Every structure is written in structure tokens, then in C-alpha cells.
Amino acid sequence: MKKLLLTFCILWMISSCTEEKVDAPFIFDNPEIAINIPADFPEVNDSFFTNKPTKYGVELGKKLFFDKKLSRDNTVSCATCHIQENAFADQNPKGIGIDGKIGFRNTPPIQNLAFMQVYNWDGNKTALENQVLVPIITPEEMDSSILEVIGKISNDATYIELFHKTFGDDTITGERIFNSIAQFEYTLISANSKYDKVKRKEGAIFTDNEAQGYQVFKNKCANCHSTELFTDQSFRNIGFPVNPNSEEKGRTRVSLNAKDLMSFRVPTLRNIAYTAPYGSFGQFATLKEVLDYLDKGVIESDNLDPILKDNNNRIPLTEKEKENLISFMKTLSDLEFITE
Amino acid sequence: MNNLKKYLFLSIISLAIISCEDDSIPVANNVTLAFNNTFGNTTIVLGDATSTEATQNTSSENQVHHFSEAKYIISNIRLINKDGIEFPYNVNNLDTGATIIDQSNPSTLQYVLNGIPSTEYTQIKFGLGVKAALNTLDQELFPAFYSADKKLHWFWATGYRFTKIEGFYGETNTPLSVHTGSVLGGDKTDETTWSSEAAHARNAYRDITLDLTTNAKVGENAPKINIKADFNKVLSGTNKITLNAATEGYVSGSAPSHHTSPETMVQFVDNMGGNGDTDITGMFSIESVEN
């Protein structure tokens, strides 16, 4: 017995010696990265604080976001629908996923999501980490499963190294995938538009049209499109044409309350010039069409937002006002965000 | 070393003693739950739109209907003995403690609980659906249950469908479709922000409590508990539901499908699973216990 033990000890000593000679010890060093929170932006989502972006977490999340292996047949990545040139939205009325299948709703931009409390058109998720699995398993999007994804990427040395650098060991789990993609998303902050530069007094100034458009906006739109994100994150029915898919009930799908029928989260208007078409299923091709519709009159219903209801179901706008509003909305374009 | 020998000897002796006891009364045995899915007292025969064999049922609101599919999830099973002690059966493991009852597949109608401690049971509790903490479509934790029936995945809500009924009603055999499930989506922070009424509707999991008509004597016997699920209650339970053609857009009403009328889902849920308060049996009852 004693002999055996001794042999073991010796063997162990030998093996640890060789190990040290060959490999430098792994030092886990994955610092949090500094996130510049733009002045006056709304409160950060709680989940951000439990999953703060780290150097390698973001790198890993970005790699996953652009990786088609997340889909069943390796043809669709998150970035297939969330395209940077379109502020991580796309130009289709409704999302187009695996086998060219057409989804249910318009693809929203991915920007400033750290400052949102509710996600998707109907707010069915309240943390980005919980959103990632949905496109991976949805048959019209990526039609895969988390074990399938883990299986595919666990053969890839680059991934193994990145998981190691991010989490301190090689283990690949769903939670780690979700967290790192969310970390990448948290870093997608757009706050360098002309509007921001005017606000921050960095030398930019509004043209006359833009300034007048801003005035109209404050009077007629800022009730809902408020805060520096241009959304108050509330759910409202503003009587847009209704999605012919009978599954679409708006917020009611989540609240199970008839008062929320066809109510949607007020969309942000940042980078709005890059995210056409508009509306929850891309029912408007241009900003002009949206404004014409609001001006002409929307669909009446019991739960139509009082701001429209008390105003003959419309937001009256002159042609000049529309033109100026569009000029103003274009000042929310952040060229750096879509190119860098 | 001497000590070790002593321990070994002792454990062998005690093992021998335990196995001696084993021979007379087993410490544990199986319990089989057998589900009988009915309209009233008639076991349901499924059938497509024009089937002549399918069991027809008439609701309290006089709507004739039959089903082509009836599935539901049973989980969180607990047996309570005559001293009031609760024996949970793999309640936190969907792979070993939950099952999908599918009327089209006879082998799913019986669910065997293994290794139930020997004693006399007077009551059974189980969940219709999956409790919120486990209802996250977590394939890593529960790969078997995840893959058991993907038609029960509720993708956007990242949870399971708890019941899925397809069928037809009325003279022209209009399709009906009742899907229920929780819309909490596994969001940690979410639940607290809702009113109790909204939370009740959004969490479609229902705990069922049934008193056994005869005590189930586990030991030498491996009892079988026959449970009836009376689907007449779907439309004619505490809530009397009239099916309307699927509505589009703004019109709300008691449309047949959860999808087309989510605001009425809770009525179906409460009819099948009770409201957790004044009704803790829903559509379930004990038919008999075979010891």
C-alpha cells in the first residue's frame, strides 16, 4: 500500500513538472469593458448589472451573432435579419428565416437595448438574455436547438479558446451563449447622430426645416416617442393597419387582456431612416406613408389611444409639417453606428 | 486497516438485515397512473372533420363538437399518505417526473411511478402543465422531455404548451383549437409587475388535488390509480364557453383558439385545471384505485 502511494506521488510529481514546462499557466483575465452611458438616456435594465459586458464576452457574443451555425442548416445567423447597415434591422416587411420562410413581424433594430425594459413588439421578454433562445428554436427563423448549437461549436478551437478566455474554462453551455450574445448587444449604443451633436453643443446646428420639424415633433409625437430613445416604452394601439395573420393580437398575447388588443411597444425613432419598411409587419414603405396615414385617420377601435381618439382618430399634419418632421427624424441617423 | 475491516463487516451485516426485511414487505413499489380521457362517461374516440367514429359531445351552450387531438402535460406529482405526509415524485425533473398524455397514443395513457415508499396513500396531487420555475424549454436540463413532442413547444414564450386540443364543432365542422400555456417566458423579474388577476391568467399551471376513493396500499401491492379527465369541462366547466369563428384583428370574443383569442385562455385553463382556489380538481376525478 505504502509503495503504491509512493509510486503515485512520484508519477504525479513528474507529470506536473512536464506540464509546467510545456504550458504557461492560464491566467484568467477578462476585464469588464467600460460602457459610456450617454447623458439623459433612460435607466439601464437590471439584467445588465448581472451580465456586464466583458472584453472576451463581447468578442464571443459578436462571433456567435454573426455565426450561421446557430441555424439548423447553417444558412441563417442573427445578422441575416439584424444587419448593421440597417441599424441591425433589415429591409424586409417581415423577417425572412430558414428555407426562405417568412415570419410574423418586422425585424426591429438592435440598438440601445441596455436602456429598454421590454423587448419585442409586444414586450414578451424583459431581459435580453432570455430572448436569445427564441430565434434559435423558432421554426421560421433558425429552427435549431441549443444542444444542436453547442454540438456544432464545440468542435471549433476558436470557440473553445474564447469560452475559456471569457469564463475561465472550456465548458460551453446555453447560458454562456445567451449571456455573451446579450453582452454584445449591450455594447450596441447609438448616440452620435446629428441630433445628439446639436444637443451636446458639439458645433452641429439644425437647419430651419429640422428645427421646425423638431417643434412639430415636440407638439404631436413626443407624448409617446419621448425620452432620449424616442420611446416611452409603453404599449399603445394607434390604429395602424392590422396584420392579416390572425395570431397577431399585439400586447394581448402577453397580457391576455383584451384592453391591449393591437397595442405595440412605442418604437424608438433613432436611426429610423435606416430601418424602412415601418410598422409591426412592415405595412408602410416610407416615413411619408406613415405620416400620411396618421394625418388621414387611423382605424377606430375601443382601445385606440386617447391621443388619437380625442382627435377624430388622427394626428393632423400639413404637407410642410410632414416634410419638416421627416427632416428632423433624419437627424436621428447615426452613421458611425451603422458603419463602425 | 483493522477499523476498515470492522466497518466492512458491520455494513455487510446491516445489508443482510435490510434485505431480510425486503423479502417480507418491499420498502417501495410502483404506482401506475392510468388516464381515461372522456366526454362524461364515454372514453373519447378521436377523429378528423368528417369522422363517423369520433365521439361527439354537446356543450352546455348546445355546440356539438369532437376532437382530432387531445394532449396535456402532467408534472409535479405528489402522493399523500394517511398521516398527511407528502411524497414528491421527481417534482423538479421533467425527464423523470413529467409526462405527456396523448389520447392518440395508448402507451402514454399509463404513467408508472417507480420506487414509491410503502405506505397507504389517501390523496394525489399533480400539476396540469409545468410550474413556472421549470417551464423554460431548457433542453440541457431535460433533453428527453424537451424532445418528447416538439408540437408542445411554445417558442416565443420559451415554455411548453400545457394542453393542446384540436377538433371541430358545429354543423359545418368548423375547426377548433385550444392551446394553453404560461406566457411568463421564464422571465425572472417579470411576475412581480402583474396584478394577481393577470398573474393567474398568465401562469396557466394548475395544481390538482384528488382524494383517492380507496386508499392506495403500496408495499406488496403496486396499485393502479384510475384518473378520469372529463373533456366535457373544456367548454362546459365553471366557465360556459361558446365557440365563435376565429376572429381577426380588433374583434375580441370567445374564439376557439388561444392564438386567435388569448384573452379567453384563462377560461379554458380554469375549466380544465381549476382555479387553484374554489376548484382544485378541474376536469379530473378518481375513477377507482386497484390495489
Side-chain angles (χ1 to χ4, degrees), chain A residues 1 45-47 50 104-105 117-120 122-127 129-141 143 145-150 173-175 237 239 241-262 299-304, chain B residues 1 136-143 146-147 150-151 153-159 177 179-195 197-204 245-255 257-269:
Chain A
M1 188 70 177
N45 188 304
D46 278 347
S47 294
T50 52
F104 173 45
R105 289 177 176 161
Q117 307 301 323
V118 283
Y119 301 102
N120 292 322
D122 56 15
N124 66 50
K125 291 281 176 279
T126 57
E129 291 78 6
N130 294 341
Q131 191 278 334
V132 180
L133 183 62
V134 179
I136 294 176
I137 60 176
T138 298
E140 293 79 24
E141 297 190 306
D143 195 30
S145 81
I146 199 63
L147 288 185
E148 199 171 273
V149 171
I150 293 171
T173 66
E175 193 183 11
N237 170 5
V242 176
N243 193 328
N245 184 331
S246 65
E247 278 198 31
E248 183 61 275
K249 296 290 160 180
R251 178 68 173 165
T252 295
R253 180 165 84 153
V254 180
S255 69
L256 305 176
N257 188 333
K259 284 197 217 105
D260 296 322
L261 277 169
M262 296 306 153
I299 299 172
E300 149 104 83
S301 62
D302 288 349
N303 68 331
L304 181 65
Chain B
M1 218 48 179
T136 54
L137 287 188
D138 192 330
Q139 189 189 17
E140 290 166 279
L141 274 180
F142 310 121
Y146 181 91
S147 305
K150 292 207 172 156
K151 292 262 159 52
H153 290 188
W154 209 330
F155 305 104
W156 67 267
T158 47
S177 170
H179 300 175
T180 68
S182 296
V183 291
L184 304 162
D187 265 352
K188 322 168 259 246
T189 52
D190 199 20
E191 237 169 315
T192 52
T193 57
W194 297 80
S195 70
E197 197 185 322
H200 176 75
R202 297 179 77 234
N203 186 352
T247 53
E248 218 180 77
Y250 289 102
V251 191
S252 80
S254 44
S257 155
H258 164 65
H259 295 304
T260 48
S261 188
E263 67 277 15
T264 62
M265 182 179 82
V266 66
Q267 297 177 22
F268 291 100
V269 171

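Just so we're clear, the structure is a prediction, and the values are computed from it rather than from any experiment. Numbers restart at 1 for each chain; the letters A, B, ... are given by sequence-line order, proteins then strands.
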Is there a donor-acceptor pair under 3.5 Å between the side chain of B:Arg202 and the backbone N or O of A:Val254?
-> yes
B:Glu197: partners by side chain to side chain contact (heavy atoms under 4.5 Å, CB included), with sequence neighbours left out = B:Ser195
By side chain to side chain contact (heavy atoms under 4.5 Å, CB included), which residues pair with A:Glu140, not counting sequence neighbours?
-> A:Lys101, A:Thr138
Measure the CD-CH2 distance between A:Glu141 and B:Trp156 for me, rounded to the nearest 0.5 Å.
-> 14.0 Å
Approximate separation, where rounding is to 0.5 Å, of A:Leu133 CG and B:Thr136 OG1 = 8.5 Å
Any chance you could measure A:Lys125, atom NZ, to B:Thr158, atom OG1, to the nearest 0.5 Å?
-> 3.5 Å
Do A:Leu256 and B:Val266 come within less than 4.5 Å of each other through their side chains, counting heavy atoms only?
-> no
To the nearest 0.5 angstrom, please state how far the OH atom of B:Tyr146 sits from the CG atom of A:Leu147.
-> 8.0 Å
Heavy-atom closest pair (B:Val183 atom, A:Arg253 atom, distance to 0.1 Å) is CG1-O, 3.7 Å
Flag if over 12 foreign heavy atoms under 6.0 Å of CD, A:Glu175 = no
Which atom names give the shortest non-hydrogen contact between B:Glu140 and A:Ile150, and what distance separates them?
-> OE2-CD1, 3.5 Å
Does a side chain donor of either A:Thr252 or B:Glu263 reach within less than 3.5 Å of an acceptor in the other side chain?
-> no
